[in-house]
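One structure is given here, and the rest of the page talks about it.
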Amino acid sequence: MQILDGKKTAESIRNELALEVQKRKESGKKTPHLAAVLVGEDGGSLTYVTSKVKTCEKIGFESSLIRYDSSVSEKTLLDKVNELNNDDNIDGFIVQLPLPDHINESLIKSSIHPSKDVDGFHPENIGNMVLNVPGFLPATPAGILELLKRNGVETEGKKCVVVGRSTIVGMPLSILLARNSNPGNCTVTLAHSRTKNLKEICLQADIIVAAIGKPEFITADMVKEGTVVVDVGTTRVPNPERERGWSLKGDVHFEEVSKKCSFITPVPGGVGPMTIASLMLNTLKALELKGQ
Ligand code: NAP
């Protein structure tokens, strides 16, 4: 069994990006600038946004963090999105999800200009992904593809089961893995909470991706020998032994499943760091596509 080490793979992407920024600076070109909009005080969202901003600092990108109270109006948020769309200094930006209930998330996603949509959530970018034409791919699925590719995991002709059909992870990943590209060319089954006989379906899989949000849901009896297992889940579970009182658990029962599979991503240190790395790759791409 080999660990698919997202921390290490993301580090090599960061090093490549830092070198690219250095080269751009030396030749007088613009430095990539990522902005992040954070609404409210949710601990998870704050952690994600903070690590995105810190990664920018590490690799020499510029970054801006714009924060609003959870009571911010939809209009104020839309005005900010519009301002960022028109700010030439900002190459790409994200609005951290989830947003409070009084704000229409779909409206916000589709208000971000597709050329600055480095999270890849705009309908135009989703359409481009489906059509297999260039655009911004959603950060977590793109990070998973990069992790598989850089660690030599073969996908062509494999049977893949993606468990979870969210529009940010499971659904786009199922499309990407089925596309005629590398990684890709899998035969994909997309499973969800209404799927019957999930265990039997998973037992057929050469690759299982778990994006459910239920700790240790995928157990050893659901996995055949030699399967590649990608664990997207990150749930905070109480842990009195940790000073902060919780630890992160994935959707896969790591201890038992790791004994059977060929490759597995750990939680933490698997998919999470790759999500941030893809966001950075998308931001550089956004600047390059402007011809700057
Ligand atoms: P989500 O919106 O929370 O949806 C969960 C999905 O799991 C739904 O499609 C649901 O099916 C399915 N599901 C729930 N119970 C199930 C069951 N018993 N059997 C089969 N499918 C079941 O998904 P998400 O936003 O993709 O998040 C999933 C997990 O990934 C969470 O832990 C989240 O924190 C984590 N995550 C991690 C990263 C990262 O960078 N590491 C990024 C994004 C998300 P229905 O559609 O039928 O309800």
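Because the structure is predicted, anything quoted here is derived from the model rather than measured. All ligand and atom numbering here is 1-based and tracks the order in the structure.
The closest non-hydrogen atom to atom 38 (C) of ligand 1, taken over Thr167, Val232, Leu198, comes from Val232. Nearest to atom 7 (O) of ligand 1 by heavy atom, out of Ile212, Thr140, Leu190, is Ile212. Selection from Met171, Arg165, His192 by nearest heavy atom to atom 8 (C) of ligand 1 gives Arg165.
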Glu16/Arg150 under salt bridge (Lys or Arg N to Asp or Glu O under 4.0 Å): CA gap, chis, key distance, verdict: CA-CA 13 Å; Glu16 289 163 20; Arg150 287 183 181 240; 2.9 Å; yes
Verdict with supporting geometry, Lys80 and Glu83, salt bridge (Lys or Arg N to Asp or Glu O under 4.0 Å): CA-CA 5 Å; Lys80 178 49 79 178; Glu83 186 189 313; 3.1 Å; yes
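Within ligand 1, the atoms closer than 4.0 Å to a non-hydrogen atom of Thr275 are 39 (C), 40 (O), numbered from 1 in the order shown. Which parts of ligand 1 touch Val169 is read off a 4.0 Å heavy-atom cut-off, strictly below it: atoms 26 (O), 43 (C), 44 (C). Numbered from 1 in the order shown, with element, the atoms of ligand 1 that lie under 4.0 Å from a heavy atom of Ala211 read 6 (C), 7 (O), 28 (C). Ligand-side atoms of ligand 1 in range of Gly272: 40 (O), 41 (N), range being under 4.0 angstrom from any heavy atom. Close approach of ligand 1 to Val163 is summarised as follows: ligand atoms under 4.0 Å from at least one heavy atom of the residue are 20 (C), 21 (N). Interface of Gly164 with ligand 1, defined as ligand atoms under 4.0 Å from a residue heavy atom, comprises 6 (C), 7 (O), 9 (O), 12 (C).
Taking any N or O of Arg194, backbone or side chain, none lies under 3.5 Å from an N or O belonging to ligand 1. Annotation: Tyr48 places no N or O atom under 3.5 Å from an N or O atom of ligand 1; distance criterion only.
Looking at Thr47 and Thr50, their side chains never bring a donor and an acceptor atom within 3.5 Å of each other.
Residue pairs satisfying the side chain to side chain donor-acceptor pair (under 3.5 Å) criterion with at least one member in residues 260-275, sequence neighbours excluded, are listed as follows: Thr140-Thr275.
Partner of Val230 under the side-chain contact (heavy atoms from CB on, under 4.5 Å) criterion, out of Val209, Val153, Leu147: Val209 alone.
The neighbour count for Lys224 NZ, taken as heavy atoms of other residues, nucleotides or ligands under 6.0 Å away, is above 12. Residue-environment remark: CG (Asn86) exceeds the threshold of 12 foreign heavy atoms within 6.0 Å.
Scanning the protein heavy atoms around atom 11 (O) of ligand 1, the nearest turns out to be Ser193 N, 3.2 Å. For atom 19 (N) of ligand 1, the closest non-hydrogen atom on the protein side is Phe217 CZ, 3.6 Å. When hydrogens are left out, the protein atom nearest atom 2 (O) of ligand 1 is Ser166 CB, 3.5 Å; that is the closest non-hydrogen contact.
When non-hydrogen atoms are compared, ligand 1 lies under 4.0 Å from the side chain of Lys214 (C-beta onward) but not from its backbone.
Put simply, atom 27 (O) of ligand 1 has no protein non-hydrogen atoms near it, under 4.0 Å away.
A cation-pi contact, defined as under 6.0 Å to the ring centre and within 45° of the axis, is absent between Lys116 and Phe93.
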